[in-house]
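Along the sequence shown, residues carry numbers from 1. The shown structure was predicted, so the numbers you read here are calculated from the model rather than taken from an experiment.
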Amino acid sequence: MRPHLMRLTKPTLFTNIPVTCEERDLPGDLFNNLMKDDPSTVKGAEIIMLGEMLTLPQNFGNIFLGETFSSYISVHNDSNQVVKDIQVKADLQTSSQRLNLSASTAVVAELKPDSCIDDVIHHEVKEIGTHILVCAVSYTTQAGEKMYFRKFFKFQVLKPLDVKTKFYNAESDLSSVTDEVFLEAQIQNITTSPMFMEKVSLEPSMMYNVSELNTVYKDSDRSSTFGTKTYLQPLDTRQYLYCLKPKPEFAEKAGIIKGVTVIGKLDIVWKTNLGEKGRLQTSQLQRMAPGYGDVRLSIETIPDTVNLEEPFEIMCKITNCSSERTMDLILEMCNTNAIHWCGVSGRQLGKLHPSSSLHLTLTLLSSVQGLQSVSGLRLTDTFLKRTYEYDDIAQVCVVSSKFPAES
């Protein structure tokens with residue numbers, strides 16, 4: 001009894017090295033005629049290295065994480081006797097587990113001389129490092145002796161992609177976008193052959209909605225920011241961008257999205273050679289949410305441009321980020337060199353329960369032209385005698401009243 005193993009992969013295009021010369025050289029047309037008679041060359045384009053023929057794999061080749069490993073196993077009876085009760089088992093040993101890949105573990109009643117038992121196994125590779133395919137065969141001879149042997153086939157699983165992620169918080173202070181998170185994913189092809197990137201998507205966690213920013217929309221057409229060619233050459237890097245927004249039911253509840261939060265995971269699908277597919281999913285991506293302290297003040301609405309020394313209104317949102325403590329707040333408004341608040345400073349805002357919010361409309365004016373920062377708001381919790389200061393919470397462009405601000 002003898003087992004045979006062959007990895008099943010798609011063929012590659014046959015390549016040859018064209019040798020040419022000019023007509024005035026000594027060989028004359030000899031090389032050109034030989035290439036025209038070569039069945040592996042493309043007729044009319046003999047000097048191209050790629051031919052029309054396909055080449056079967058000559059060795060085990062490279063196996064990459066995320067690809068499907070397929071193998072053909074054949075157990076051949078080399079003896080001149082009939083053997084009985086044959087059982088073939090194929091296991092894959094990784095660094096962390098042992099997997100049974102046999103399609104069937106049924107016992108074959110008998111195997112005649114020069115006959116064989118064939119099996120095809122498939123496995124989606126999910127670990128890098130050393131893998132050992134163990135083929136175990138047991139059978140009974142005509143004399144009733146039970147025989148057993150194993151064969152080991154070792155191969156390495158390599159990493160096909162290098163994935164790096166970066167998180168960016170939205171720079172605006174407006175509450176409609178403050179909780180937005182931008183994810184930049186840098187994907188590098190670290191194999192030795194080009195990849196066709198079929199899909200790169202972000203599967204968000206239950207707290208977020210995602211918008212991919214890798215498509216350009218023009219009229220009714222949409223096109224990829226990477227152009228029509230979605231190939232990733234060896235050692236090339238491509239950057240993908242996504243915008244995540246908290247779902248309304250989570251955004252309205254202060255204090256839920258804080259600390260370490262799960263953003264989601266990347267799903268990457270690619271193809272190599274003649275359409276061999278690979279797929280990788282990253283582990284859950286985590287991000288440290290920005291801390292807002294006990295009380296968060298954000299701007300709901302503010303005009304972009306205002307007139308000099310003319311009052312304008314802004315709407316603020318004050319949120320109690322504590323999940324346990326009720327606050328009794330007092331609002332103070334402090335003037336700056338450019339910004340002057342209109343209204344009563346030191347007024348009571350009342351009690352604010354945990355994880356709840358209130359909206360407040362304030363009036364102010366600017367005495368200086370240019371881009372001015374809105375500053376000078378103070379909130380005091382009378383229960384703890386603690387004051388929270390809010391400066392540079394927004395910016396507004398102040399223009400002369402001779403040039404009215406656009407509405």
Side-chain angles (χ1 to χ4, degrees), residues 65-66 126 161-188 197-217 222-226 230 232 237-270 278-302 315-324 352-359 390 392-394:
L65 184 70
K126 298 181 179 179
L161 298 170
D162 187 25
V163 181
K164 297 178 181 178
T165 57
K166 295 180 181 179
F167 290 106
Y168 303 93
N169 298 319
E171 295 182 357
S172 175
D173 287 310
L174 298 181
S175 65
S176 59
V177 295
T178 298
D179 291 324
E180 285 184 353
V181 181
F182 291 93
L183 169 64
E184 176 191 340
Q186 298 180 357
I187 300 177
Q188 183 182 27
M197 305 303 291
E198 186 173 275
K199 184 183 76 168
V200 179
S201 62
L202 177 64
E203 298 179 1
S205 65
M206 60 179 294
M207 292 193 297
Y208 290 93
N209 292 319
V210 64
S211 302
E212 64 96 8
L213 305 177
N214 308 301
T215 305
V216 178
Y217 296 90
R222 51 177 293 177
S223 59
S224 171
T225 55
F226 308 110
T230 56
L232 194 59
T237 301
R238 185 170 289 177
Q239 295 166 301
Y240 294 84
L241 187 63
Y242 302 90
C243 177
L244 297 108
K245 297 181 182 180
K247 293 181 179 179
E249 57 266 31
F250 294 103
E252 293 173 359
K253 297 179 181 179
I256 291 183
I257 303 180
K258 66 179 181 179
V260 178
T261 57
V262 175
I263 295 295
K265 56 185 178 181
L266 287 169
D267 187 16
I268 307 170
V269 181
W270 71 90
R279 180 182 181 185
L280 278 182
Q281 278 192 331
T282 65
S283 56
Q284 291 287 353
L285 304 176
Q286 294 184 333
R287 157 196 176 248
M288 177 63 73
Y292 299 107
D294 295 332
V295 184
R296 176 184 176 188
L297 186 144
S298 55
I299 302 297
E300 289 277 274
T301 59
I302 184 172
M315 180 178 289
C316 302
K317 181 181 179 182
I318 301 173
T319 305
N320 181 355
C321 296
S322 172
S323 58
E324 300 176 352
L352 191 59
H353 296 287
S355 301
S356 60
S357 305
L358 64 86
H359 291 81
Y390 300 95
D392 299 322
I393 57 177

**Report entry** Value rounded to 0.5 Å, distance of CD in Gln281 from OG in Ser201
**Finding:** 8.0 Å
Report summary line: When Val262, Ile263, Leu202 are each screened for side-chain contact (heavy atoms from CB on, under 4.5 Å) with Tyr208, the one that passes is Ile263
Query raised in the report: Trp270 and Val200: side chain to side chain contact (heavy atoms under 4.5 Å, CB included), yes or no, with the steps?
Result: CA-CA 9 Å; Trp270 71 90; Val200 179; over 6 Å; no
Query raised in the report: Considering residues at least two apart in sequence or located in another chain, which fulfil the side-chain hydrogen bond (donor to acceptor under 3.5 Å, both in side chains) criterion with Thr215?
Result: Glu212
Report summary line: Hits for side-chain contact (heavy atoms from CB on, under 4.5 Å) against Ser223, two or more places apart or cross-chain, chain-then-number order -> Val216
Report task. Take Tyr240 and Val163, measure what side chain to side chain contact (heavy atoms under 4.5 Å, CB included) needs, and give me the verdict at the end. Result -> CA-CA 11 Å; Tyr240 294 84; Val163 181; over 6 Å; no
Query raised in the report: Is there a side chain to side chain contact (heavy atoms under 4.5 Å, CB included) between Ile299 and Tyr390 once you walk through the steps?
Result: CA-CA 11 Å; Ile299 302 297; Tyr390 300 95; over 6 Å; no
Query raised in the report: Rounded to the nearest 0.5 Å, how far apart are CG of Leu241 and CG of Leu183?
Result: 7.5 Å
**Report entry** Partners meeting salt bridge (charged side-chain N to carboxylate O under 4.0 Å, His left out) with Asp162 (sequence neighbours left out)
**Finding:** Lys159
Requested in this report: With rounding to the nearest 0.5 Å, note down the distance linking NZ in Lys164 to CD1 in Ile187.
Outcome: 13.0 Å
Requested in this report: Any chance you could measure Ile318, atom CD1, to Leu297, atom CG, to the nearest 0.5 Å?
Outcome: 5.0 Å
Query raised in the report: Listed by chain and number, what are the side-chain hydrogen bond (donor to acceptor under 3.5 Å, both in side chains) partners of Gln239, not counting sequence neighbours?
Result: Glu184
Report summary line: Heavy-atom closest pair (Ser357 atom, Thr319 atom, distance to 0.1 Å) is OG-OG1, 3.0 Å
Query raised in the report: How many angstroms lie between atom CG of Leu280 and atom CD1 of Ile268, to the nearest 0.5 angstrom?
Result: 6.0 Å
Query raised in the report: What residues, two or more places apart in sequence or in another chain, satisfy side-chain hydrogen bond (donor to acceptor under 3.5 Å, both in side chains) together with Asp267?
Result: Lys199, Arg279
Query - Thr230 side chain near Arg238 side chain, heavy-atom distance below 4.5 Å - result: yes
Requested in this report: Report yes if some heavy atom in the side chain of Arg287 is under 4.5 Å from a heavy atom in the side chain of Leu285; otherwise report no.
Outcome: no
Query - Leu161 side, atom CG; Met197 side, atom CE - distance, nearest 0.5 Å - result: 5.5 Å
Query raised in the report: Between Thr165 and Ala185, is there a donor-acceptor pair closer than 3.5 Å when you use the side chain of the first and the backbone of the second?
Result: no
Query raised in the report: So, does Thr282 use its side chain to make a donor-acceptor pair with the main chain of Leu266 at under 3.5 Å?
Result: yes
Requested in this report: Could you list the residues that satisfy ring pair (Phe, Tyr, Trp, His ring centres under 6.0 Å) with Phe167, not counting sequence neighbours?
Outcome: none
